[in-house]
There are 2 protein chains.
Amino acid sequence: MGKPGQVAVVGAEGRQRRQRLAPAERMPLILAAAIEEFAERGYAGAGMAAVASRAGVAKGLLYHYFPGGKADLFMAAVRGCVAPKLDEAARLIAGFQGPRREMLRRLITTGYARMAENPREQVLCKLIIAEADRFPELADFYSREVLARATEIVRAALRAGIETGEFRADAVDQPGLVHVVLAPAIMGSVWRMMLGEDRAPDLGAMREAHIDMVLRALAPAAQNMKNN
Amino acid sequence: MGKPGQVAVVGAEGRQRRQRLAPAERMPLILAAAIEEFAERGYAGAGMAAVASRAGVAKGLLYHYFPGGKADLFMAAVRGCVAPKLDEAARLIAGFQGPRREMLRRLITTGYARMAENPREQVLCKLIIAEADRFPELADFYSREVLARATEIVRAALRAGIETGEFRADAVDQPGLVHVVLAPAIMGSVWRMMLGEDRAPDLGAMREAHIDMVLRALAPAAQNMKNN
DNA sequence: TCCCTTACTGGCCGTTCGGTCAATAAGGGA
DNA sequence: TCCCTTATTGACCGAACGGCCAGTAAGGGA
């Protein structure tokens with residue numbers, strides 16, 4: 001068969017010979033390239049050849065690192081993107097000193113901040129939404145590692161406020177509350193990804209209204225509002 | 001060139017000769033087929049041949065009706081799916097008699113109801129999210145015809161309640177409020193599309209918590225809550 | 001210094017898919 | 001009845017893409 005491989009040295013001078021790296025060094029390069037490519041073109045639109053090219057690597061190598069092919073690579077890229085942000089939020093809750101109202105405010109504020117600051121990675125969140133139903137494994141991952149964790153963090157914040165008496169006690173009886181509290185922040189991020197910074201709803205305004213609404217709704221009922 | 005076309009009559013008997021329909025009749029058939037295909041496979045995954053097959057039509061005909069090709073067809077399919085629901089909501093607001101609290105409750109309730117009842121069409125909403133940034137025209141459409149309209153409906157509901165004194169007057173000064181009120185319902189739908197009915201957050205519970213939270217947050221401040 | 005493991009290469013294959021086009025027939029108007 | 005407009009067909013094209021694999025070199029251990 002036609003002798004493959006090895007043109008390698010291009011251009012003016014032996015610019016670089018074949019680069020051999022330890023997997024621990026090569027892997028992040030490939031992952032970063034994959035994040036870029038997937039973020040820009042979506043799952044189906046992304047090309048393995050393009051990922052390889054961004055990583056400065058031959059296409060075949062991708063199948064060396066990700067035997068599962070494209071799907072495998074996609075999952076890995078998504079995984080590494082979401083976890084750190086949830087870790088930060090969990091740390092914030094765990095170590096907080098001070099009024100619980102302030103804690104909740106800070107939690108929501110950093111949530112909005114994280115989504116405003118790194119568009120590239122946030123696009124991956126949008127990608128999860130887009131592709132979840134075609135990747136059972138990805139839906140599992142999201143359900144278990146993202147939504148459940150985020151929910152639990154919010155729930156912990158609410159419970160903490162209830163214990164100090166800052167939030168109304170019967171909030172625990174509303175199983176849907178945590179998701180309702182969570183949703184605007186995520187949706188704000190999604191709108192931003194869809195429409196761009198200019199046409200999307202203003203994240204700052206949403207954040208303020210969001211905090212205000214949540215705190216009002218959680219305030220202990222000094223006078224009973226006719227609840228029905 | 002090899003004489004194309006015309007095998008047509010298949011199987012046992014002249015099952016059907018070439019069907020010629022008025023565009024006004026053919027168009028909805030194609031649109032319905034496209035909605036199905038796009039909903040099931042996503043934009044990139046959908047095939048023009050598959051759409052044609054679902055519509056009982058040859059692939060070439062699609063390009064007769066949608067000269068812009070796949071993108072054109074996609075936009076048209078999405079268009080016809082979203083408008084009716086917003087119309088219903090607008091009608092609800094316009095014609096409502098009774099307390100504004102009840103009106104808002106009904107608005108939110110029908111919102112959740114619509115999203116629970118027709119999974120197929122709702123998937124298209126998820127598709128808008130997924131594809132908006134690769135279709136400027138689609139993002140325009142969403143921004144103008146969906147988000148803006150929905151926002152306006154919620155805003156009208158809030159204003160109505162403020163006028164009667166049922167809602168606190170200073171809610172109008174919170175530009176982000178409408179989006180925050182809107183977001184949980186949309187997000188609930190998205191979660192449902194992503195994760196399936198079983199793993200997604202319970203829509204009924206979200207609806208109740210959502211209504212309760214919004215009404216609490218909109219209640220006129222009998223006693224001032226320290227707002228900061 | 002040698003040698004063996006393995007990171008790495010890139011051409012090739014089969015397939016899929018969007019889009020085109022020349023040919024064809026349906027059916028309404030003259 | 002004829003004819004002309006146009007709805008309809010399906011074979012065909014070329015490009016893109018995912019995946020494979022036979023072959024190549026880097027570099028650490030013996």
Side-chain angles (χ1 to χ4, degrees), chain A residues 1-10 14-31 33-34 37-38 40-75 134-135, chain B residues 1-10 14-31 33-34 37-38 41-75 131 134-135:
Chain A
M1 328 239 144
K3 168 152 73 113
Q6 205 46 15
V7 180
V9 184
V10 225
R15 211 187 5 170
Q16 82 216 16
R17 321 219 312 281
R18 188 185 281 201
Q19 269 254 42
R20 188 191 178 94
L21 293 183
E25 298 184 74
R26 183 67 79 196
M27 185 72 91
L29 296 180
I30 295 178
L31 246 26
E37 174 73 7
F38 281 123
E40 277 180 27
R41 321 246 175 166
Y43 178 77
M48 293 298 271
V51 172
S53 160
R54 282 181 199 256
V57 136
K59 196 172 49 158
L61 192 60
L62 301 183
Y63 294 88
H64 181 67
Y65 280 89
F66 299 94
K70 199 182 188 182
D72 199 358
L73 177 60
F74 179 64
M75 291 274 310
R134 265 183 298 285
F135 291 89
Chain B
M1 324 242 145
K3 164 152 76 115
Q6 204 48 16
V7 180
V9 185
V10 225
R15 209 180 13 163
Q16 83 218 15
R17 318 221 314 280
R18 189 185 279 200
Q19 270 252 45
R20 188 192 179 96
L21 293 183
E25 297 182 75
R26 183 67 79 195
M27 185 72 92
L29 296 179
I30 294 178
L31 245 27
E37 175 72 7
F38 281 123
R41 322 247 173 163
Y43 178 77
M48 294 297 273
V51 172
S53 159
R54 282 181 200 256
V57 137
K59 195 172 52 157
L61 191 60
L62 300 183
Y63 294 87
H64 180 67
Y65 280 89
F66 299 94
K70 200 182 187 183
D72 198 357
L73 177 59
F74 180 65
M75 292 273 310
E131 310 291 347
R134 266 182 298 286
F135 291 89

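Please read all numbers here as calculations on a predicted model, not as lab measurements. In what follows, chains carry the letters A, B, and so on, assigned in the order in which the sequence lines appear, proteins first and then strands, with residues in each chain numbered from 1.
- Straight-line distance from the CG atom of A/L21 to the P atom of D/dA25: 18 Å, rounded to whole Å.
- Spacing between atom CG of A/D72 and atom C1' of D/dG19 amounts to 14 Å, rounded to whole angstrom units.
- Between A/L61 atom CG and D/dT24 atom P the separation is 18 Å, expressed in whole Å.
- One finds the OH atom of A/Y65 at 11.5 Å from the CG atom of A/L31 (value rounded to the nearest 0.5 Å).
- Computed from coordinates, the B/F66 CZ to D/dA7 P distance equals 13 Å when rounded to whole Å.
- Nearest heavy atom pair, residue A/Y63 against residue A/G69, reads CE2-CA, 3.8 Å.
- A straight line from CZ of A/F74 to C1' of D/dG18 spans 16 Å, rounded to a whole angstrom.
- Residues forming a ring pair (Phe, Tyr, Trp, His ring centres under 6.0 Å) with A/F66 (at least two apart in sequence, or on another chain): none.
- Looking at heavy atoms from C-beta onward, B/H64 lies out of side-chain contact with B/R26 at the 4.5 angstrom threshold.
- At the phosphate of C/dA7, neither OP1 nor OP2 sits under 4.0 Å from any side-chain N or O atom of A/R26.
- Both distances falling under 3.5 Å, in either a Watson-Crick or a G-U wobble arrangement, place C/dA22 opposite D/dT9.
- Pair assignment for C/dA30: D/dT1, on the basis of Watson-Crick or G-U wobble contacts that are both within less than 3.5 Å.
- Here the P atom of nucleotide C/dC21 and the CG atom of B/L62 are 17 Å apart, to the nearest Å.
- Smallest separation of non-hydrogen atoms from A/P23 and A/P28: O-CD, 4.3 Å.
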Contact list (N/O, under 3.5 angstrom) for nucleotides 17-19 of chain C vs protein:
from: C/dG18; atom 1: OP1; to: B/A46; atom 2: O; distance (Å): 2.8
from: C/dG18; atom 1: OP1; to: B/K70; atom 2: NZ; distance (Å): 3.0
from: C/dG18; atom 1: OP2; to: B/M48; atom 2: N; distance (Å): 2.9
from: C/dG18; atom 1: N7; to: B/K59; atom 2: NZ; distance (Å): 3.3
from: C/dG19; atom 1: OP2; to: B/Y63; atom 2: OH; distance (Å): 3.0
from: C/dG19; atom 1: OP2; to: B/K70; atom 2: N; distance (Å): 3.0
from: C/dG19; atom 1: N7; to: B/K59; atom 2: NZ; distance (Å): 3.1
from: C/dG19; atom 1: O6; to: B/K59; atom 2: NZ; distance (Å): 2.3

Identify each atom pair where a protein N or O and an N or O of nucleotides 26-30 of chain D are less than 3.5 Å apart, giving names and distance.
from: D/dA26; atom 1: OP2; to: A/R17; atom 2: NH2; distance (Å): 3.3
from: D/dA26; atom 1: N3; to: A/R20; atom 2: NH1; distance (Å): 3.2

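- OP1 or OP2 of D/dA7 has at least one side-chain nitrogen or oxygen of B/H64 nearer than 4.0 Å.
- The minimum heavy-atom distance between B/A55 and B/L29, with the atom names listed, is CB-O, 4.1 Å.
- At a threshold of 4.5 Å between non-hydrogen side-chain atoms, the residues A/Y43 and A/R134 do not count as touching.
- Just one of B/K70, B/E37, B/K59 meets the side chain to side chain contact (heavy atoms under 4.5 Å, CB included) condition when paired with B/V51; it is B/E37.
- Pairing each heavy atom of A/A46 with each of A/R41, the nearest pair is N-CB, 3.7 Å.
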